[in-house]
Each structure stands twice: as C-alpha cells, then as structure tokens.
Colleague: 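My questions will all concern the structure given below.
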Amino acid sequence: MSMIAAFYGGKSILITGATGFMGKVLMEKLLRTSPDLKVIYILVRPKAGQTLQQRVFQILNSKLFEKVKEVCPHVHEKIRAISADLNQNDLAISKEDMQELLSCTNIVFHCAATVRFDEALRHAVQLNVTATQQLLLMASQMPKLEAFIHISTAFSNCNLKHIDEVIYPCPVEPKKIIDSLEWLDDAIIDEITPKLIGDRPNTYTYTKALGEMVVQQESENINIAIIRPSIVGATWQEPFPGWVDNLNGPSGIIIAAGKGFLRAIRATPMAVADLVPVDTVVNLTLAVGWYTAVHRPKSTLVYHCTSGSLNPCNWGRMGLQVLASFEKIPFERAFRRPNADFTTNNFTTHYWNAISHRVPAIVYDFYLRLTGRKPRMTKLMNRLLRTVSMLEYFINRSWEWSTYNTEMLMSELTPEDQRVFNFDVRQLNWMEYIENYVLGVKKYLLKEDMAGIPEAKQHLKRLRNIHYLFNTVLFLIAWRLLIARSQIARNVWFFIVSFCYKFLSYFRASSTLKV
Ligand SMILES: CCCCCCCCCCCCCCCCCC(=O)SCCNC(=O)CCNC(=O)[C@H](O)C(C)(C)COP(=O)(O)OP(=O)(O)OC[C@H]1O[C@@H](n2cnc3c(N)ncnc32)[C@H](O)[C@@H]1OP(=O)(O)O
Ligand SMILES: NC(=O)C1=CN([C@@H]2O[C@H](COP(=O)(O)OP(=O)(O)OC[C@H]3O[C@@H](n4cnc5c(N)ncnc54)[C@H](OP(=O)(O)O)[C@@H]3O)[C@@H](O)[C@H]2O)C=CC1
C-alpha cells in the first residue's frame, strides 16, 4: 500500500489553479490514487461565458478523467468548486465558503498564477505575489492545516547560472512593491518595470521570485514547501502518455513547426532543454505534500523539479526528434513542410525570418486576396514571431539546478511510493517521450484524427514536390538573368553546355561501336 496515497485518504484539500494545465493533472492523480479523500476544494472563476459548475463539469468529463471514473465513479461529489477571483484583494470568496475553507482544509496546493511572460507588472504582482500573500493569511487561520505547497518556477532566479534549492532575495521587498503599485499609475509602472525586473527577462519570472520571498516572510507557523519545476511538458506516463491541453512552453512551438509555419528558430543546439513531464511534477508535488505534513521540516524546503542535471537533453537533439516524429505523425493541412533550422546568429535570424517566414506569408496572403478571401497569414506570422522572440531567452542558455532536496525525498519513499509517485526523470527516455508528446499535441490540442495520417503524408509529399519545382524555377530564372548580365556567367554556361555535348557525343559514339 502506498503511504502517500493513504496519507491523502480522508483529507480536505484546497487547490488553486485547478482549471490549469498542472492543476488538472494534480486533481486527476489525487482522485485516482486516493479515491477515499474527503473533498477537494477548488478555487474557480467563471470564464469565457461558462459558470464554474459548467467549467468543472467539462473538466471532469474530459478524456483526462476517464481512468479516475473507474476507481471513483462519484468523482463529481468529491469536488467542491468555490467561486473565487485571485485578482481581487479579498480573493472574492463568500463568507460561508471562507468559513468552510478555514475550518476544514488540511492541505493547500497553490498552483494558480499568471504564466504570461509579458503580463503587466500590476497584474502579475496581483496574481503571483498578492494572491499568494492572501492565501498564506488564510492558511495561518486554518487550525487543521498540515501543509501548504507553493508552486513556483525553476526560472524564478534565471538571472543566476547555478541555482540552489534556497530562496534568493530580490533587491526590493515585495511589500514595498505591492504598496507602491497601489498609488502609481500604469504609465509610471510601465516605465519602472525594466528597472525593477533587472536582469530577469520578464515580469513572470520576477513576480514568481517575489512570490517566493512572500512565502519565506509570511510562513511563520505554517508548514510550507516550494516546488520549482522547469519547463513543464505533456504527460510522460499518467494517466496516459502525451496529454497536453495548452500552447505554453514547447507545445505551441511543436504546432507551429509541425504545421510548417515556423521553419527556423534562434536557439542554441547545445543548450540544455530542461523539460519535465507534468505527471512527474505532480508526483513530486504530492510526495512533498506528504513529506511536509508528516516530517514537518524545521525550515521551508525548496524542491527543484528539473531534468538537466540528471538526464540532460539539448535543444538540438530535441528538435531533431520532433522533426523525426513529424515524419511518422504528420499534422493535417500543413502550410509548408516541417523543417527547423537552428541559428544563434542575429543576421541569419533576420534572414530566415524574412525568407522562410514573412515572404511565404505575404505570398500566401496575396493568393488569398486573389481568390477573394481575407488575408490572415501575415498577422498570424507576426504573432508567432513575437511569441518565439519571448521564448528565445530560455532556449539559448543553460542553467544548473541543484536537486539535493528532491533526491533526499526520493530516498525517503518506500519502493511502492517510488513506483506510484515516480518523479525520477533518470528513467525518462527522451526519444519516446518526444514522439508521444507530438502525438499528444496532434490528438488533444489539434484534435486531429489518426485516420487522417495517410492523407497528411500525401499532402506533405505534394508540398515537397511544389518545393522542388519552385526551387528549380527560381534557379533557372536567376541563372537566365545572370547570363544576360555577366560575361563570366556566359562563359561558364557555354563551357558547361559544350562539355555536356561532348560527353553525350562520346557516350553515343562508344555505345554505337559496342553494337
Ligand atoms: C522543431 C523544433 C522544436 C523544438 C522545440 C522548441 C521548443 C521551445 C520552447 C521553449 C519554451 C521555453 C519556455 C520557458 C518556460 C519557463 C517556465 C515557466 O515557468 S512559464 C510557463 C510557460 N509560460 C508560457 O509558455 C507563456 C508563453 N506565452 C505567453 O507569454 C503569451 O502567449 C505571449 C506573450 C507569447 C503571446 O501573447 P498574446 O500575443 O497577447 O496572445 P495569446 O497569449 O492569446 O497568444 C497569441 C497567439 O500565440 C499563440 N501562442 C501562445 N503561446 C504560444 C507558444 N508558446 N508557442 C506558439 N504559439 C503560442 C496563441 O495560440 C495565439 O494564437 P492565435 O490565437 O493568434 O492563433
Ligand atoms: N507550465 C509551465 O511550463 C510551468 C508552470 N509553472 C508554474 O506552475 C503553476 C501552474 O502552471 P500551469 O498549470 O502551467 O498554468 P495555467 O496557465 O495552465 O493555469 C493557471 C491557473 O491559474 C488560474 N488563475 C489565473 N488567474 C486567476 C484568477 N484571477 N483567479 C483564479 N484563478 C486564476 C487559472 O484559472 P483560469 O482557468 O480561470 O484561467 C488556471 O487554473 C504556476 O504557478 C506556474 O507558475 C512553473 C514552471 C513551468
């Protein structure tokens, strides 16, 4: 029997960000391995015209939760959705709900965040710092609380090269930032943002670092731990391989490359691609919840959930495997044939962006106009290139994250727990994982049918032939123009033609002699 699974039995668990990528997998694993847990409270806001009940219903009826229903048929009864908005200072939780949360909660998993890199500082601070502070305040009033697990990111200190499992201070105190944002207007905030974030690339990593400082400063009397995952990718094993449901991190890039929109990228092939599967992060999170509650470490422990030091894979290898997977699992109606040229040079980046991205988009839009349709490719391409430019920081550098606490925790688990809550990335076979990732993107993100693969392969063949034909025509036109303008080109051309003629005459003569 798994000690961790047994630990969560009968518990009341609060999850923030349960409607997000990681939150859903966390909820699924909890319900599947500990179906006798008492209740999972989830803080949800109405969104995109859906009430919270509709949102929860949709999640629980998705493919991700199919296995859960086998062990926990009344899964809906285990989930209690609480209306909340982390953008509001009081989190917009009703008095009755707050009362229930304060009196019943045993464990808190705080996953909610804004993960947008370019979020306005005011909003990023509100969600990633102030909301964390509010939750800690709530936690301090929970008499039954056993552990509070805060999900941060391994990139919260990406301004450092070597990162230990400790909380690093930021130059300006989070409290001062929160206070000043209350009275500064947006224009001034935009102006001071670059100065505040300093050598970090964006407001996301900066506010996640501030969030950690808040955890450190306001966790007195709370049993707390921080988990820092690196780049979270599709599921590795559970509940099934390749599940993914948003475009963040590599998933959007895989689509853009597979559909042939993105054909070159500024990336360092030798830089470490520090991906971790989402189920690995969730297994570690649940193990940390158990360890923090049962062993009650004296200080706040930070756990790195990274792959680079234990089982490194670089972007070059990953890119090649992604391309190889497209051969087997092509996406439907690709714009161009998938290809990925990695470049680290400014000039070649601009060159590829012009030749491989903007020109085909302009040509295609011209074609759409000619055929009476609305042009859209240039706009799409501009947004894609903007997105890629924001990811560049992370694909051109390598970091070293120490993993002592994570390894210590692994050694504390029973063999059964090591199996059920496996977070040992050394066992990950990258090639297999990436192929499943591409398959998952096709199935769960693009919602494409596997039966369409032969047609998709045919389409890629047609694109290849068009590509060859286009290049040949282009070459002939260029050569014709060159011959018209340059004596040297003409001489070379006459030399080639006379050489071919002589060769053919010789070949014909020798074959006549043989006969
Ligand atoms: C073959 C080679 C392959 C090799 C693999 C290479 C993989 C490289 C991947 C590197 C990942 C590095 C990530 C580092 C993560 C740090 C970890 C974390 O803690 S943080 C956790 C991770 N956090 C993140 O990853 C957040 C990254 N994303 C953002 O911050 C924002 O989306 C934005 C600022 C980039 C664009 O904002 P904005 O323009 O206002 O608007 P929207 O947001 O509404 O989206 C606009 C359009 O872009 C689309 N799209 C969105 N995302 C991606 C994507 N990743 N990609 C592509 N496309 C993407 C989106 O669908 C939409 O399309 P459409 O509707 O127009 O058709
Ligand atoms: N994905 C990654 O690569 C990595 C993620 N992380 C961290 O992991 C955690 C989870 O990330 P992930 O699941 O990928 O992110 P998602 O963007 O998928 O999910 C974010 C969650 O936060 C919720 N949320 C956002 N704003 C509010 C709000 N105002 N009120 C209530 N809830 C809100 C979202 O709810 P809603 O559905 O309503 O928008 C959603 O449930 C985050 O803390 C992130 O920093 C760390 C490293 C890498």
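Counting convention: from 1, in listed order, for ligands and their atoms alike.
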Colleague: For the 3.5 Å polar cut-off, considering only N or O atoms, please tell me whether Asn87 and ligand 2 meet it.
Modeller: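 Such a contact does occur with ligand 2.
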Colleague: Under 4.0 Å, counting heavy atoms only: does Pro229 come that close to any atom of ligand 2?
Modeller: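 Contact present.
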Colleague: Can you sort out which atoms of ligand 2 are near Arg55, meaning under 4.0 Å from one of its heavy atoms?
Modeller: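 Reading through ligand 2 atom by atom, the close ones are 36 (P), 37 (O), 38 (O).
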Colleague: Where does the angle between the aromatic ring planes of Phe21 and Trp243 fall among parallel (under 30°), tilted (30 to 60°) and perpendicular (over 60°)?
Modeller: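 Answer is parallel, since the angle falls under 30°.
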Colleague: Pick one of side chain, backbone, both or neither for how Thr16 approaches ligand 2, counting any non-hydrogen atom pair under 4.0 Å.
Modeller: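 Neither part.
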Colleague: Taking 4.0 Å as the limit for heavy-atom contacts, which would you say applies to Ser152 with ligand 2: side chain only, backbone only, both, or neither?
Modeller: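 Contact part for Ser152 vs ligand 2: backbone (N, CA, C, O).
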Colleague: Using heavy atoms and a 4.0 Å limit, tell me yes or no: is His110 in contact with ligand 2?
Modeller: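 Contact absent.
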Colleague: Which bit of Arg228 gets closer than 4.0 Å to ligand 2, counting heavy atoms only: side chain, backbone, both or neither?
Modeller: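 Neither part.
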Colleague: Classify the ring geometry between Tyr8 and Phe109 as parallel (under 30°), tilted (30 to 60°) or perpendicular (over 60°).
Modeller: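 The arrangement is tilted - the two ring planes meet at 30° to 60°.
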Colleague: Please work out, at 4.0 Å between heavy atoms, whether the side chain, the backbone, both, or neither of Ser230 comes within that distance of ligand 2.
Modeller: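 It is the backbone that touches ligand 2; the side chain stays farther off.
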Colleague: Just to be sure I read this right, does ligand 2 sit under 4.0 Å from the backbone of Val44, its side chain, both, or neither, counting only heavy atoms?
Modeller: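 It is neither; nothing of Val44 touches ligand 2.
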Colleague: For Asp164 and Ser402, test the side chains for any donor-to-acceptor distance below 3.5 angstrom and give the result as yes or no.
Modeller: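 Their side chains do contain a donor-acceptor pair, which is all the 3.5 Å distance test asks for.
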Colleague: Any salt bridge (charged side-chain N to carboxylate O under 4.0 Å, His left out) pairs touching residues 176-192, not counting sequence neighbours?
Modeller: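 Listed once each, the pairs are Arg122-Asp186.
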Colleague: Under 30°, 30 to 60°, or over 60°: which ring-plane class applies to Phe117 and Tyr204, parallel, tilted or perpendicular?
Modeller: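 Plane angle between 30° and 60°, so tilted.
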Colleague: For ligand 2, which atoms have a heavy atom of Thr153 less than 4.0 angstrom away?
Modeller: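 In order of numbering, the contacting atoms are 46 (C), 47 (C).
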Colleague: Within the side chain of Thr235, is there an N or O that forms a donor-acceptor pair under 3.5 Å with the backbone of Asp279?
Modeller: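 Between the backbone of Asp279 and the side chain of Thr235 there is no qualifying donor-acceptor contact (under 3.5 Å).
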Colleague: Between Trp399 and Asn157, do the side chains contain an N or O donor and an N or O acceptor separated by less than 3.5 Å?
Modeller: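 No - no donor-acceptor pair under 3.5 Å links their side chains.
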Colleague: With atoms numbered from 1 as shown, which atoms in ligand 2 lie under 4.0 angstrom from a non-hydrogen atom of Ile151?
Modeller: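 With Ile151 as reference, the close atoms of ligand 2 come out as 7 (C), 8 (O), 9 (C), 43 (O).
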Colleague: Within a distance under 4.0 Å of any heavy atom of Lys208, pick out the atoms of ligand 2 and give their elements.
Modeller: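 Checking each atom against Lys208, I get 42 (C), 43 (O), 44 (C), 45 (O).
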Colleague: What do we get for Lys47 next to ligand 2 when only non-hydrogen atoms under 4.0 Å count, side chain, backbone, both or neither?
Modeller: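 Just the side chain.
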Colleague: Are any of the N/O atoms on Leu127, whether in the backbone or the side chain, positioned under 3.5 angstrom from an N/O atom of ligand 2?
Modeller: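 No: no nitrogen or oxygen of Leu127 is under 3.5 Å from one in ligand 2.
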Colleague: Mind checking side-chain contact (heavy atoms from CB on, under 4.5 Å) for Lys38 and listing every partner two or more places apart, or none if nothing turns up?
Modeller: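 Counting only residues at least two positions away or on another chain, Lys38 forms a side-chain contact (heavy atoms from CB on, under 4.5 Å) with Ser12.
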Colleague: Tyr291 vs His295 aromatic rings, parallel, tilted or perpendicular, using cut-offs 30° and 60°?
Modeller: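 Geometry flag for His295 against Tyr291: parallel rings.
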Colleague: Out of Ala112, Ala154, Gly20, Cys111, who gets a non-hydrogen atom closest to atom 42 (C) of ligand 2?
Modeller: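 Result: the heavy atom closest to atom 42 (C) of ligand 2 is in Cys111.
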Colleague: Mind checking whether Val232 has an N or O less than 3.5 Å away from an N or O of ligand 2?
Modeller: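 It does: an N or O of Val232 is found under 3.5 Å from an N or O of ligand 2.
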Colleague: Could you tell me if His304 and Thr406 have a donor-acceptor pair between their side chains, going purely by distance under 3.5 Å?
Modeller: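 No.
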Colleague: Return the option from Val115, Ile227, Leu52, Asp85 holding the heavy atom at the smallest distance from atom 17 (O) of ligand 2.
Modeller: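 Considering heavy atoms of Val115, Ile227, Leu52, Asp85, the nearest to atom 17 (O) of ligand 2 sits in Val115.
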Colleague: By number and element, which atoms of ligand 2 are closer than 4.0 Å to a non-hydrogen atom of Thr19?
Modeller: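 Within the 4.0 Å cut-off of Thr19, ligand 2 contributes 34 (C), 35 (O), 36 (P), 37 (O), 38 (O), 40 (C), 41 (O).
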Colleague: Using a 4.0 Å heavy-atom cut-off, which part of Tyr204 comes near ligand 2: side chain, backbone, both, or neither?
Modeller: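 The answer is the side chain of Tyr204.
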Colleague: Assess the side chains of Thr280 and Asn283: does a donor N or O sit below 3.5 Å from an acceptor N or O?
Modeller: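 On atom types as modelled, these side chains do not qualify, holding no pair under 3.5 Å.
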Colleague: Which of the atoms in ligand 2, numbered in the order shown and given with their element, are less than 4.0 Å from a heavy-atom of Phe21?
Modeller: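 Near Phe21, meaning under 4.0 Å from one of its heavy atoms, ligand 2 has 13 (O), 14 (O), 18 (O).
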Colleague: Would Glu70 and Lys67 pass as an ion pair if we require N to O under 4.0 Å?
Modeller: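 Between Lys67 and Glu70 there is no salt bridge, as every charged N stays at least 4.0 Å from the carboxylate O atoms.
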Colleague: Under a 4.0 angstrom heavy-atom cut-off, which atoms of ligand 2 come close to Asn246?
Modeller: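 Answer for ligand 2: 18 (O).
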Colleague: Any nitrogen or oxygen of Gly23, main chain or side chain, under 3.5 Å from a nitrogen or oxygen of ligand 2?
Modeller: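 Min N/O separation from ligand 2 is not below 3.5 Å for Gly23.
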Colleague: Assess, by modelled atom type and distance only, whether the side chains of Ser251 and Tyr437 contain a donor and an acceptor separated by less than 3.5 Å.
Modeller: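 There is such a pair between these side chains.
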Colleague: With atoms numbered from 1 as shown, which atoms in ligand 2 lie under 4.0 angstrom from a non-hydrogen atom of Ala113?
Modeller: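 Those of ligand 2 that fall under 4.0 Å from Ala113 are 20 (C), 22 (O), 25 (C), 42 (C), 43 (O), 45 (O).
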Colleague: Please state whether the rings of Phe394 and Phe155 are parallel, tilted or perpendicular, taking 30° and 60° as the class boundaries.
Modeller: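 Phe394 vs Phe155 ring planes: perpendicular.
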